Amino acid sequence: MSDIDLIRAAAARLKGHARRTPLLSSPFLDRIAGRRVWVKPECLQHTGSFKYRGGYSALSALDDTTRARGVLAFSSGNHAQGVALAASQHGVPSVIIMPSDAPALKIANTRALGAEVILYDRAGGESREALGEALESERGLTLIRPYDEPQVIAGQGTAGLEIAEDAAAMGIRRADVLVCCGGGGFTSGIALALEAEAPGLRARPCEPEEFDDTARSLASGSIERNARGSGGLCDAIITPQPGEITFPIMQRLCGPGLVVSEDEALHAMALAWGRLKLVAEPGGAVALAAALFRKDEIEGDDVIVTISGGNVDADIFKCALDRHGDLER
């Protein structure tokens with residue numbers, strides 16, 4: 001189980017490596033949301049997403065001998081890039097198992113960061129776990145899980161420490177903190193950090209329709225699975241179910257989940273670009289979409305949202321701007 005001590009230790013290791021992302025605001029977004037909106041743009045983090053924090057945290061926590069043998073990860077793209085960059089910075093090999101239907105940009109970037117990429121047929125039911133087990137055995141690699149891993153959760157939680165500090169400096173004592181949520185590593189890490197450093201701030205997971213396993217799990221009190229495991233625009237945050245480690249943390253600390261449509265995510269992408277000059281991917285925009293289009297489900301004068309990633313293929317970004325780029329409508 002990750003805890004605040006692990007998060008603080010991860011923050012110390014990440015100092016000088018991870019970018020400290022600010023809280024940004026726009027009066028135009030405030031007007032739509034009916035409250036002040038504060039955006040933490042992890043799309044500006046190294047590799048274009050918060051996943052670098054967890055990847056570097058996990059790699060830097062390994063002993064030298066284990067790390068030197070190399071690391072393995074499963075990812076549709078953002079965890080892949082975070083682990084690949086962290087491995088290259090430590091001078092060790094990385095092997096990333098990615099679905100063949102992952103965005104082309106993410107596959108290309110992962111290779112460019114020095115990783116060996118192995119593609120698998122997610123839609124056809126090929127098992128990444130079986131591929132991974134064989135590689136672990138053959139090469140002596142260490143698996144770095146994308147969310148159900150204490151040191152990964154700790155790394156993601158460093159974003160929560162930054163949110164707590166910046167919110168206090170701005171006088172924000174009470175607010176919902178909306179987090180783009182897949183398996184729950186980012187959400188649970190932020191929730192743990194807020195519990196210790198800003199108890200008036202409450203983390204809330206945000207997801208796309210049809211892949212709202214965390215929202216349903218929190219509502220029912222037990223882990224729920226998604227009916228399908230791929231096919232949505234928000235690939236970065238599509239997971240089968242919440243993690244065995246992350247769900248109890250979210251159940252204890254988080255407010256109810258928020259669910260938005262894919263079109264609302266695209267609309268939020270266009271608004272992030274038009275009003276903040278930020279590039280967000282669909283999964284990275286769901287928290288902003290929730291702040292803007294689920295305002296009746298949020299309380300208080302302030303809301304803090306994460307843009308968790310900006311690794312979007314050009315055709316999807318163009319689609320968002322074509323549909324919703326007219327900001328005068």
Side-chain angles (χ1 to χ4, degrees), residues 1-11 14 18-24 37-45 49-58 78-79 82 146-168 170 172-207 214-215 218 236-237 239 242-243 245-258 283-284 286-288 290-291 298 300 302-309:
M1 177 75 76
S2 189
D3 59 26
I4 191 60
D5 292 329
L6 281 182
I7 295 171
R8 289 173 178 149
L14 280 162
R19 292 174 179 151
R20 183 187 176 109
T21 54
L23 290 182
L24 304 177
V37 179
W38 304 93
V39 176
K40 187 164 183 64
E42 282 292 293
C43 50
L44 302 180
Q45 188 54 258
S49 91
F50 73 96
K51 290 287 192 176
Y52 173 77
R53 296 177 184 266
Y56 192 94
S57 171
N78 286 339
H79 180 60
Y147 50 87
D148 236 12
E149 163 55 51
Q151 290 294 355
V152 168
I153 295 170
Q156 320 306 24
T158 62
L161 296 180
E162 295 172 12
I163 289 170
E165 185 174 341
D166 289 347
M170 294 174 180
I172 304 169
R173 300 286 180 252
R174 301 195 68 82
D176 280 345
V177 178
L178 311 189
V179 187
C180 307
C181 185
F186 197 28
T187 308
S188 58
I190 287 176
L192 286 164
L194 297 180
E195 178 189 33
E197 300 294 339
L201 306 184
R202 178 180 65 162
R204 296 185 64 184
C206 300
E207 299 167 292
T214 297
L218 290 174
I237 57 171
T239 54
I245 296 175
T246 60
F247 178 64
I249 299 171
M250 293 189 288
Q251 190 176 33
R252 182 171 69 85
L253 296 176
C254 291
L258 295 161
V286 295
L288 179 58
I298 301 167
D302 296 274
V303 62
I304 300 170
V305 308
T306 63
I307 291 182
S308 60

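Predicted model, so just to flag it, every value in this text is computed and none were measured.
Each of I172, I304, L23 was compared with D166 under the side-chain contact (heavy atoms from CB on, under 4.5 Å) criterion, and only L23 meets it.
When all heavy atoms of P150 and I245 are compared, the pair lying nearest together is CD-CD1, 4.0 Å. In terms of heavy atoms, P205 sits closest to G255 at CD-O, 3.7 Å. Counting all heavy atoms, side chain and backbone alike, Q156 lies closest to I190 at O-CG1, 4.2 Å. In plain terms, the two heavy atoms of C206 and V286 that are nearest each other are O-CG2, 3.6 Å. For the residue pair V179 and T306, the shortest heavy atom distance occurs at CA-OG1, 3.5 Å. The two residues A291 and V303 make their nearest non-hydrogen contact at CB-CG1, 4.1 Å.
Judged by distance alone, with hydrogens and angles left aside, the side-chain atoms of K51 form a donor-acceptor pair with the main-chain N or O of P146 at under 3.5 Å. For the pair R204 (side chain) and P256 (backbone), a donor-acceptor distance under 3.5 Å is present. A donor-acceptor pair under 3.5 Å is formed between the side chain of S57 and the backbone N or O of Q151. Formation of a donor-acceptor pair under 3.5 Å by the D176 side chain with backbone atoms of L178 is not found in this model. Between the side chain of T246 and the backbone N or O of P242, no donor-acceptor pair lies under 3.5 Å.
Annotation: ring pair (Phe, Tyr, Trp, His ring centres under 6.0 Å) contacts of Y56 (sequence neighbours excluded): H17, Y52, H90. Not counting sequence neighbours, the partners of R19 by the side-chain contact (heavy atoms from CB on, under 4.5 Å) test are Q45, H46.
Other residues, nucleotides and ligands contribute over 12 non-hydrogen atoms within 6.0 Å of the CZ atom of R20.
Taking CD1 from I163 and CG from L201, the interatomic distance works out to 8.5 Å, rounded to the nearest 0.5 Å. Here OH of Y147 is found 4.5 Å from OG1 of T239. Values are rounded to the nearest 0.5 Å. To the nearest 0.5 Å, the span separating OG on S49 from CD1 on I237 amounts to 12.0 Å.
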